[in-house]
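Have a look at the structure below, then the notes.
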Amino acid sequence: NAGVTQTPKFRVLKTGQSMTLLCAQDMNHEYMYWYRQDPGMGLRLIHYSVGEGTTAKGEVPDGYNVSRLKKQNFLLGLESAAPSQTSVYFCASSLLQAVSDTQYFGPGTRLTVL
Amino acid sequence: AQSVTQLGSHVSVSEGALVLLRCNYSSSVPPYLFWYVQYPNQGLQLLLKYTTGATLVKGINGFEAEFKKSETSFHLTKPSAHMSDAAEYFCAVSDYGGSQGNLIFGKGTKLSVKP
């Protein structure tokens with residue numbers, strides 16, 4: 001099993017450009033999450049999904065959109081990138097709700113917005 | 001609202017010394033508590049978790065943590081540090097508020113191990 005994979009690993013954008021980050025998991029997990037990690041801030045939840053076709057907002061959803069058209073994939077979109085979105089983005093998945101279950105993390109995507 | 005405080009953004013120990021990473025939480029309901037570890041340029045992985053039952057929880061790589069309700073703490077310890085323990089450690093608490101069913105992470109503690 002590959003676990004949780006993320007594409008791409010690195011990306012540089014100019015302000016106003018758009019992009020989509022792809023997360024894929026092969027563990028048949030129901031729950032998937034997108035986090036951003038900034039120095040000294042820990043991980044903050046952007047959006048999450050409790051199953052195929054459903055998404056919900058996390059702690060810092062502004063400026064991002066997500067879609068979960070297939071159970072194994074969770075996409076994070078930036079429609080108009082801003083320098084404040086420079087961060088490392090992590091995707092995670094869990095079989096059950098994260099409140100009690102283990103989350104499995106991808107390797108991350110390092111995004112720089114100029 | 002639930003919250004997590006990790007005391008000390010950086011901790012440095014000598015190889016073979018005791019590792020103690022502190023975590024205090026705030027929760028209005030019985031919490032579920034987690035410790036995750038992040039090695040350089042990698043994603044997070046679970047070290048251990050407390051849900052119910054025994055308050056002393058053993059995890060991978062010789063780490064353990066004790067849930068102390070009276071102190072609202074969940075400190076992580078390891079009797080003897082190894083060079084390979086150098087990483088960033090995150091404490092997390094279950095979130096029953098805004099994003100129900102998810103976790104709130106602390107800001108992390110970076111552990112350095114000196115030879």
Side-chain angles (χ1 to χ4, degrees), chain A residues 2-7 9-10 21 23-25 27 29-51 54-62 64 66 88-110, chain B residues 1-10 21-25 27-53 57 59-60 67 87-110:
Chain A
V4 179
T5 58
Q6 293 182 233
T7 309
K9 289 186 169 50
F10 303 94
L21 281 67
C23 176
Q25 53 94 3
M27 297 175 282
H29 284 173
E30 289 293 335
Y31 297 80
M32 297 187 74
Y33 316 84
W34 275 108
Y35 293 92
R36 60 178 289 172
Q37 183 180 34
D38 302 293
M41 298 292 291
L43 271 75
R44 293 181 291 170
L45 183 65
I46 304 171
H47 285 280
Y48 63 103
S49 169
V50 300
T54 69
T55 64
K57 295 180 180 180
E59 180 186 356
V60 288
D62 294 342
Y64 305 94
V66 288
V88 181
Y89 292 86
F90 287 99
C91 176
S93 71
S94 61
L95 182 60
L96 304 173
Q97 273 189 322
V99 72
S100 61
D101 197 20
T102 301
Q103 289 190 55
Y104 295 85
F105 284 79
T109 295
R110 190 173 295 273
Chain B
Q2 287 70 34
S3 65
V4 177
T5 302
Q6 292 185 238
L7 299 175
S9 57
H10 287 89
L21 304 182
R22 299 177 188 274
C23 173
N24 288 89
Y25 69 90
S27 178
S28 57
V29 298
Y32 292 163
L33 294 157
F34 300 75
W35 276 101
Y36 280 84
V37 60
Q38 183 180 30
Y39 297 104
N41 299 314
Q42 294 186 28
L44 281 69
Q45 64 183 81
L46 182 70
L47 265 181
L48 50 83
K49 64 180 177 182
Y50 168 79
T51 52
T52 58
V57 181
I60 61 171
F67 169 58
E88 191 158 19
Y89 293 79
F90 293 91
C91 183
V93 66
S94 48
D95 179 15
Y96 293 100
S99 55
Q100 295 181 8
N102 295 310
L103 296 181
I104 295 174
F105 285 86
K107 295 184 177 182
T109 298
K110 188 164 287 188

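First the proteins, then the strands, lettered A, B, ... as listed; each starts at 1.
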Hey, does the side chain of [X] reach the backbone of [Y] with a donor-acceptor pair shorter than 3.5 angstrom?
X       : Y       : answer
B/Gln38 : B/Phe90 : no
A/His47 : A/Gly58 : no
B/Gln45 : B/Tyr39 : no

Task: From A/Phe90, A/Tyr89, A/Phe105, residue fulfilling ring-ring contact (aromatic ring centres under 6.0 Å, His included) relative to A/Tyr35 - done: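 The option that passes is A/Phe105.
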Task: Engaged part of A/Arg44 at the chain B interface, taking heavy atoms whose separation is under 4.5 Å - done: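 For A/Arg44, there is no contact with chain B at all, as no heavy atom is under 4.5 Å.
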- [ ] Please state whether the side chain, the backbone, both or neither of A/Gln6 comes within less than 4.5 Å of a heavy atom of chain B.
- [x]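 Contact with chain B: none, neither part.
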Open item on the list: Is B/Tyr36 close to chain A through its backbone or its side chain, or both, or neither, when contacts mean heavy atoms under 4.5 Å?
Closed with: side chain
